[in-house]
Visitor: 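Here it is, the structure, as structure tokens.
Each chain gets a letter, A, B and so on, in the order the sequences are listed, and its residues count up from 1.
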2 protein chains.
Amino acid sequence: MDWPQALRDRGLRATPQRVTILAELAGRDDHPTAEDLYRALRDRHPTLALSTVYSTLETLEAAGLAHRLSLGEGRDRYDANVRAHAHLVCLGCRRVVDVALAPVAPPPEAERLGYAYAFTSVVHHGLCPACRRAGPTRPD
Amino acid sequence: MDWPQALRDRGLRATPQRVTILAELAGRDDHPTAEDLYRALRDRHPTLALSTVYSTLETLEAAGLAHRLSLGEGRDRYDANVRAHAHLVCLGCRRVVDVALAPVAPPPEAERLGYAYAFTSVVHHGLCPACRRAGPTRPD
DNA sequence: CTGTGTGCAAATGTTTTGCATTCGC
DNA sequence: GCGAATGCAAAACATTTGCACACAG
């Protein structure tokens, strides 16, 4: 994938920081946080600032090149998978995997209340195999 | 509703703080944050501490008397409506309303990957009537 | 009485902001 | 060269924690 081009196509400047962050995010499927990305890129990019990671992620999200996930963990995760999909979160280890998104209808209230419906986000929860084994009794 | 009893039924001490917080939360449908509740109760309950609101909300959630909503606003909201329902969030003003929850199936990946499926949360997004009028062009 | 809950203050962790410097275009 | 992006440090927030005192059961 030509990340510099993808950036310019949306009218964004293709700075090395943006390209690196976008490539790193797109290259992993573990839904990293800003800090995760920062730590992963520090070696290759010693002058990279954490605040640049934050502002870049905000920019990427606004440009539709990344999605932000707020799962109630105190920090946000990011996802370069921009195709429609749902998430499956482990209640034990908090791992997040992308899963298929079944078609969702807007709620009847949307029309009744006069909302312009936009989209729906779906987050499934469960216990992953490893956590099932680790602690069979764990509601969390 | 007998809040002290509801608390004791779950094995919790019915302190005045808990009763007041639970009653306030149950009496509103705007999905307040911890700070919102704290500010609303301050007058009636001058010695109430914000940290008590936080710990009480955590306790109520663990007891199944409240739900926590993480909508990516930087702070969490709470909801005493414990019946299964979805949420509809306005992209403009961030207002949150409860809406009907259509039946959701666990994603096929849950079984395929060996997850013990638990539950799914559904958040719809749209523009409320007021925000549609205010700014017709506003992706957010 | 006893142990749990509260209040207060300080700490923590994430995200944001201000500003001078750098660099893509 | 110009204006947008970056890096760095400091600030702003939400939330958590430690601990002495208060109170529900």
Side-chain angles (χ1 to χ4, degrees), chain A residues 2-22 24-25 31-63 65-66 68-78 94 140, chain B residues 2-22 24 31-63 65-66 68-78 94:
Chain A
D2 186 351
W3 299 123
Q5 197 53 49
L7 288 163
R8 289 196 202 91
D9 286 349
R10 329 248 157 170
L12 302 176
R13 293 191 180 179
T15 67
Q17 293 87 339
R18 286 178 176 177
V19 173
T20 310
I21 292 168
L22 178 51
E24 172 73 17
L25 182 61
H31 309 83
T33 65
E35 179 89 35
D36 290 338
L37 293 167
Y38 174 63
R39 294 235 273 259
L41 296 172
R42 238 208 288 240
D43 334 319
R44 260 177 283 161
H45 223 285
T47 68
L48 180 66
L50 179 55
S51 66
T52 300
V53 178
Y54 275 104
S55 76
T56 297
L57 288 170
E58 189 181 333
T59 302
L60 294 179
E61 191 193 12
L65 288 169
R68 188 196 311 223
L69 299 190
S70 296
L71 301 174
E73 304 169 285
R75 63 223 154 116
D76 287 347
R77 294 164 169 270
Y78 289 85
R94 297 266 130 208
D140 188 344
Chain B
D2 185 351
W3 299 122
Q5 196 53 50
L7 288 162
R8 290 197 201 92
D9 286 350
R10 329 250 157 167
L12 301 176
R13 292 194 179 175
T15 67
Q17 292 87 341
R18 287 178 175 177
V19 174
T20 310
I21 291 167
L22 178 51
E24 174 74 17
H31 309 82
T33 65
E35 179 89 33
D36 290 338
L37 292 167
Y38 175 63
R39 294 235 272 259
L41 296 173
R42 237 209 289 241
D43 333 316
R44 260 177 283 161
H45 224 287
T47 70
L48 180 67
L50 180 54
S51 67
T52 299
V53 177
Y54 276 104
S55 76
T56 296
L57 288 170
E58 191 180 334
T59 302
L60 294 178
E61 191 192 13
L65 288 169
R68 188 197 312 226
L69 299 190
S70 297
L71 301 174
E73 304 169 285
R75 62 222 155 114
D76 288 347
R77 294 164 169 268
Y78 289 85
R94 297 266 128 207

Visitor: Which part of the nucleic acid does A/Arg8 contact within heavy-atom distance under 4.0 Å: base, sugar-phosphate only, or nothing?
Guide: sugar-phosphate
Visitor: Within the structure provided, determine whether B/Arg44 and B/Glu24 are in side-chain contact (heavy-atom separation under 4.5 Å).
Guide: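 A side-chain contact under 4.5 Å exists here.
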Visitor: Take the protein atom CD of A/Gln17 and the nucleotide atom P of D/dA4, then report the distance between them rounded to whole Å.
Guide: 17 Å
Visitor: OP1 or OP2 of D/dT16 sitting under 4.0 Å from any side-chain N/O of B/Ser55?
Guide: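 No, outside the criterion.
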Visitor: Where do A/Leu37 and A/Pro32 come nearest, in terms of heavy atoms and distance?
Guide: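 Where A/Leu37 meets A/Pro32 most closely, the heavy atoms are CD2-CG, 3.7 Å.
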Visitor: Tell me the closest heavy-atom pair linking B/Pro4 and B/Val19, and the distance in Å.
Guide: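 Answer, listing the atom of B/Pro4 first, then B/Val19: CG-CG2, 3.9 Å.
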Visitor: Using whole Å, what does the distance between atom C1' of nucleotide D/dT16 and atom CD of A/Glu73 come to?
Guide: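 Atom CD in A/Glu73 sits about 17 Å away from atom C1' in D/dT16.
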Visitor: Does B/Asp76 or A/Thr52 map to a spot on DNA chain D nearer the 5' end, using the closest nucleotide for each?
Guide: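 Its nearest nucleotide being more 5', the pick is A/Thr52.
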Visitor: Quick check: on DNA chain D, is the nucleotide nearest B/Ser51 upstream (toward 5') of the one nearest B/Ala14, or the reverse? Name the residue that is more 5'.
Guide: B/Ser51
Visitor: Please state how far atom OH in B/Tyr54 lies from atom C1' in C/dA11, giving the value in whole angstrom units.
Guide: 15 Å
Visitor: Rounding to an integer number of Å, can you tell me how far B/Leu48 CG sits from C/dC8 P?
Guide: 9 Å
Visitor: Are there over 12 heavy-atom neighbours, none belonging to A/Glu58, within less than 6.0 Å of that residue's CD?
Guide: no
Visitor: Regarding B/Thr47, tell me which of base, sugar-phosphate or nothing describes its non-hydrogen contacts under 4.0 Å with the strands shown.
Guide: sugar-phosphate
Visitor: Just the rounded figure in Å: distance from P of C/dT15 to CD of A/Glu58.
Guide: 12 Å
Visitor: Looking at every strand, decide which applies to B/Arg75 at a 4.0 Å heavy-atom threshold: base, sugar-phosphate, or nothing.
Guide: sugar-phosphate
Visitor: What are the two closest heavy atoms between A/Ile21 and A/Thr52, and how far apart are they?
Guide: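 Taking A/Ile21 first and A/Thr52 second, the nearest heavy atoms are CD1-O, 4.3 Å.
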Visitor: A/Arg68 CZ to C/dT14 P: how many Å, rounded?
Guide: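 It works out to 15 Å between those atoms.
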Visitor: Given atom CZ of B/Arg18 and atom C1' of D/dA22, what is their separation to the nearest angstrom?
Guide: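 To the nearest whole Å, that distance equals 14 Å.
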Visitor: Please give, in whole Å, the distance from D/dT6 C1' to A/Ile21 CD1?
Guide: 10 Å
